[in-house]
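All chains are named by letter (A, B, ...) in the order of the sequence lines, taking the proteins before the strands, and each is independently numbered beginning at 1. Quick note: numbers below take in every heavy atom, side chains included, and nothing from hydrogens, waters or symmetry partners.
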Amino acid sequence: MSETIRVRFAPSPTGSLHIGGARTALFNWLFAKRYGGSYILRIEDTDEVRSTPETVDQILDSLSWLGLNWDEGPTVSEDGSVDLIGSGDFGPYHQMAPERREHYEKFAEQLLEEGKAYRCWCTMEELALRRAAAGPEARGYDGFCRKLSDDAIKANGEKPYSIRFAMPKEGATSVEDVIHGNVSFENSLLQDLVIQKTTGGPTYNFACVVDDHLMGITHVIRGDDHLSNTPSQVQMFQAFGWKVPKFGHLSMIHGPDGKKLSKRHGAASAAEYRELGYLPETVRNYLALLGWSNSQSQQIFAEGELEKSFSIEGIQKSPARFDQEKLLWMNGEYLRKKTPEQLLAFAKPFLDKADFEYTDEAILPLILMEHDKFHLLTDIPKRLDFFFRDVEYDEKSTNKVLKKEGVDAILEAIEPVLAGLNEWTEPKLEETIRAFAVEKDLKMGKVFHPIRVSVSGRTDGPTLFGMLEFLGKDRVIARIQDARKRFCGAAA
RNA sequence: GGCGCGUUCGUCUAGCGGCCUAGGACGCCGCCCUCUCAAGGCGGAGAUCACGGGUUCAAAUCCCGUACGCGCCA
């Protein structure tokens with residue numbers, strides 16, 4: 001029997017989209033694309049204290065940026081406003097919605113009636129007290145209220161209670177995991193989890209089970225950190241007589257030190273990588289390669305190729321460390337595939353933030369000139385700034401090149417040569433400056449480098465003659481004169 | 001502490017009993033190209049496949065144990 005695959009990504013809006021969350025979303029998305037299923041987005045906002053509308057917006061924004069568009073879930077309208085009820089046949093797509101909360105209450109009540117769950121009046125204090133009394137061996141809930149007599153229950157009357165799931169204590173629960181294979185857990189170790197808090201709200205594990213069932217989820221693909229919760233969830237599915245979905249637990253992403261990736265390691269959210277100047281396709285491609293590969297160890301995937309080659313078999317069980325170096329290399333690869341026009345469009349937000357004015361017509365040929373050198377979108381304003389504003393001289397560069405014996409004389413001598421040029425073009429400039437070096441019996445570098453640093457302020461940059469052409473005669477000569485005064489001790 | 005998961009070059013990985021004197025990619029090193037910086041081309045170093053036992057004619061690949069790491073619960 002071939003049922004239609006339905007997967008979901010279910011973030012809690014308590015922070016921006018973490019890079020690990022982005023990968024979980026990506027793998028769900030890829031899974032749906034590859035096996036012809038639906039990818040659902042569900043917001044798990046049961047944490048009333050920490051969930052905020054702003055973080056919902058951020059998460060949706062990051063997902064959209066990465067191109068991980070959902071088939072069902074919250075909707076974002078033209079003006080950017082978010083509707084959490086969303087569109088699709090299984091909504092609302094967030095757990096705080098009244099309709100959803102009614103479901104959780106109804107199903108908790110059902111378990112209560114069927115004797116598969118029970119009311120628990122234990123307070124935190126009582127729990128702590130009994131745990132202390134039981135000694136260090138004691139673990140989890142002691143089942144106090146599960147054993148309560150009818151009279152005792154009546155005696156509790158209207159006092160607030162939580163609802164606990166009555167976990168079976170015999171046998172074992174097997175989790176069917178498409179990545180790890182079958183994993184088995186002893187039931188005696190499973191806790192009688194609270195499914196409804198004293199406040200009336202559902203707990204994470206319960207809401208998750210109810211929603212996964214109601215939304216027809218066939219494969220639950222999530223992080224390895226949930227593997228240990230899974231047998232409890234499986235038990236709940238079974239208590240309702242619901243079909244248990246298949247699971248797929250993805251390994252974690254670690255920082256370079258092997259510890260869980262966090263802000264401590266630098267950028268940890270998708271939004272940060274966007275701001276650093278990474279392309280969405282880079283982040284997508286790189287994240288896919290963390291824990292997945294095809295048999296050819298292919299590195300770069302063209303548009304649409306990833307979702308075609310993706311397969312469950314290629315998913316790695318072990319955790320992966322996040323390698324910033326490789327990400328940077330990959331971004332360079334993707335940047336080089338872009339046309340100057342595309343690069344300009346992508347770089348716009350960064351150019352507009354830069355401290356200079358530019359026009360598209362002026363900057364386009366410069367982007368072309370430097371095309372192969374960018375690793376980040378932020379490199380575009382960084383490498384091109386001196387074409388549009390005054391030179392900022394790099395101290396190392398001026399020390400190394402301009403503050404040298406004989407440099408002033410060379411620059412002084414080249415000035416009239418450049419001033420006398422009536423054809424200010426790249427080939428003509430090259431011909432003239434080379435001829436100058438030959439005539440003066442100087443090595444090419446002896447002439448090229450001082451000019452380069454004088455006009456750009458640094459040793460690295462675009463091809464010299466192209467740069468001179470774009471700068472124009474007046475600015476070149478003015479900058480050479482200025483540099484001589486400032487660094488070569490030339491008379492003012 | 002209990003349970004669970006994991007372990008191939010520094011890093012991401014290929015490998016699913018003989019093709020492995022372990023392949024690719026990032027990074028690193030060298031050379032070439034060259035007006036700098038990149039990019040590109042070529043080459044190199046780098047993994048006793050965590051360790052110890054089995055099974056087998058043959059194991060990175062199968063089984064068992066140990067160690068270490070991580071996760072969940074407490």
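Taking A/Gln95 as the reference, A/Glu44, A/Asp211 meet the side-chain hydrogen bond (donor to acceptor under 3.5 Å, both in side chains) condition, with sequence neighbours excluded. By the ring pair (Phe, Tyr, Trp, His ring centres under 6.0 Å) test, A/Tyr286 is found to be paired with A/Phe322, residues two or more places apart in sequence or in another chain being considered. Scanning for ring pair (Phe, Tyr, Trp, His ring centres under 6.0 Å) contacts around A/His226 gives A/Tyr204, with sequence neighbours left out. A search for ring pair (Phe, Tyr, Trp, His ring centres under 6.0 Å) contacts involving A/Phe301 returns A/Trp292, not counting sequence neighbours.
Straight-line distance between the P atoms of B/rG2 and B/rG23: roughly 41 Å, to the nearest whole Å. The separation of B/rG1 from B/rG10, taken at their P atoms, amounts to 30 Å, rounded to a whole angstrom. With both ends at atom P, the span from B/rC26 to B/rG44 equals 15 Å, rounded to whole Å. To the nearest whole angstrom, the two C1' atoms, one in B/rC32 and one in B/rG24, are 24 Å apart. Atom P of B/rA22 sits at a distance of 15 Å from the matching atom of B/rA50, rounded to the whole Å. To the nearest whole angstrom, the two C1' atoms, one in B/rC51 and one in B/rG6, are 16 Å apart. Nucleotides B/rU48 and B/rC5 are separated by 27 Å at their C1' atoms, to the nearest Å. Here, B/rC9 and B/rA14 have their P atoms 12 Å apart, quoted to the whole Å.
Residue pairs meeting the side-chain hydrogen bond (donor to acceptor under 3.5 Å, both in side chains) criterion with at least one member in residues 365-377 of chain A, sequence neighbours excluded, are A/Glu370-A/Lys373, A/Glu370-A/Arg383. For the side-chain hydrogen bond (donor to acceptor under 3.5 Å, both in side chains) condition, the pairs that include at least one residue of residues 447-465 of chain A, sequence neighbours left out, are A/Asp385-A/Arg458. Counting only residues at least two apart or on different chains, the side-chain hydrogen bond (donor to acceptor under 3.5 Å, both in side chains) pairs with a member in residues 429-442 of chain A are A/Glu430-A/Arg434.
In this structure, B/rG27 forms no base pair with any nucleotide, since neither Watson-Crick nor G-U wobble geometry is met with both distances under 3.5 Å. Pair assignment for B/rU34: none, as no Watson-Crick or G-U wobble contacts are both less than 3.5 Å. Base pairing analysis places B/rU21 opposite nothing; no Watson-Crick or G-U wobble pair with both distances below 3.5 Å involves it. Base pairing analysis places B/rG71 opposite B/rC3; the two distances defining the Watson-Crick or G-U wobble pair are each below 3.5 Å. The partner of B/rA14 cannot be assigned: no Watson-Crick or G-U wobble pair with both contacts below 3.5 Å exists in any strand. The partner of B/rG46 cannot be assigned: no Watson-Crick or G-U wobble pair with both contacts below 3.5 Å exists in any strand. B/rC51 is paired with B/rG65 under the Watson-Crick or G-U wobble criterion, all donor-acceptor distances under 3.5 Å. The partner of B/rU56, taking Watson-Crick or G-U wobble pairs whose two distances both stay under 3.5 Å, does not exist in any strand shown.
B/rA74 atom C1' lies 14 Å from atom CG of A/Leu190, rounded to whole Å. A/Asn285 places its CG atom 13 Å from the C1' atom of B/rC26, with the value rounded to the nearest Å. The CZ atom of A/Arg222 sits 13 Å away from the P atom of B/rC72 (whole-angstrom rounding). Atom CG in A/Leu227 sits about 15 Å away from atom P in B/rC3, given to the nearest Å. Regarding A/Ile19, its CD1 atom lies at a distance of 15 Å from the C1' atom of B/rC12, rounded to whole Å. Per the geometry, CE belonging to A/Met167 stands 12 Å off C1' belonging to B/rC73, to the nearest Å. Rounded to whole angstrom, the span from the CD1 atom of A/Ile253 across to the P atom of B/rG6 amounts to 18 Å. For the pair A/His371 NE2 and B/rG40 P, the interatomic distance rounds to 12 Å; values are reported in whole Å.
For the contact set between residues 169-180 of chain A and RNA chain B, defined by any heavy atom under 4.0 Å, the members are A/His180. Within a heavy-atom distance below 4.0 Å of RNA chain B, the residues of residues 306-325 of chain A found are A/Gln316, A/Lys317, A/Ser318, A/Pro319, A/Ala320, A/Arg321, A/Asp323, A/Glu325.
Figure legend: A/Arg42 and A/Phe9 shown without cation-pi pairing, the cationic atom not lying both under 6.0 angstrom from the six-membered ring centre and within 45 degrees of its axis.
Residue-level contact check: A/Ser456 touches neither bases nor backbone, having no heavy atom under 4.0 Å from any strand. Within 4.0 Å of A/Gly291, counting heavy atoms only, lie sugar-phosphate atoms of the nucleic acid but no base atom. Across all strands, A/His375 comes closer than 4.0 Å only to sugar-phosphate atoms, never to a base (heavy-atom distances).
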Between protein and nucleotides 60-67 of chain B, map the contacts as a letter string: B base, S sugar-phosphate only, - none, heavy atoms under 4.0 Å, written 5' to 3'. --------
What does the B/S/- profile of nucleotides 17-25 of chain B look like, 5' to 3', with a 4.0 Å heavy-atom cutoff to protein? ------BBB
Mark up nucleotides 32-37 of chain B, 5' to 3', with B wherever a protein heavy atom is under 4.0 angstrom from a base atom, S wherever such an atom reaches only the sugar-phosphate, and - elsewhere. ---BBB
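Of the N and O atoms on the side chains of A/Asp47 and A/Thr14, not one donor lies less than 3.5 Å from an acceptor on the other residue. Side-chain contact annotation: A/Asp224 with A/His180, donor-acceptor N/O pair under 3.5 Å present.
Taking only side-chain atoms of A/Ser295, from C-beta outward, the nucleotide of B/rC72, B/rG15, B/rC5 with the closest atom is B/rG15.
Taking the side chain as every heavy atom from C-beta outward, A/Val407 and A/Leu411 approach each other to under 4.5 Å.
Along RNA chain B, the nucleotide nearest A/Ser228 and the nucleotide nearest A/Trp292 are compared for position; the residue whose nucleotide lies closer to the 5' end is A/Trp292.
Of all heavy-atom pairs spanning A/Lys197 and A/Thr46, the tightest one is NZ-O, 4.3 Å. Across every non-hydrogen atom of A/Leu17 and A/Ile59, the tightest pair is N-CG1, 3.9 Å. In this structure, A/Arg284 and A/Leu306 approach most closely via the heavy-atom pair O-CD2, 4.3 Å.
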Given the rule in the ring-ring contact (aromatic ring centres under 6.0 Å, His included) test, do A/Phe27 and A/Phe31 qualify, once you have shown the distances and angles that lead to the verdict? CA-CA 6 Å; A/Phe27 278 55; A/Phe31 189 79; over 10 Å; no
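For A/Arg34 (side chain) and A/Phe310 (main-chain N/O), a donor-acceptor pair under 3.5 Å exists by modelled atom type.
Ring pair A/Phe356/A/Phe388 is parallel by interplanar angle, where below 30° counts as parallel and above 60° as perpendicular.
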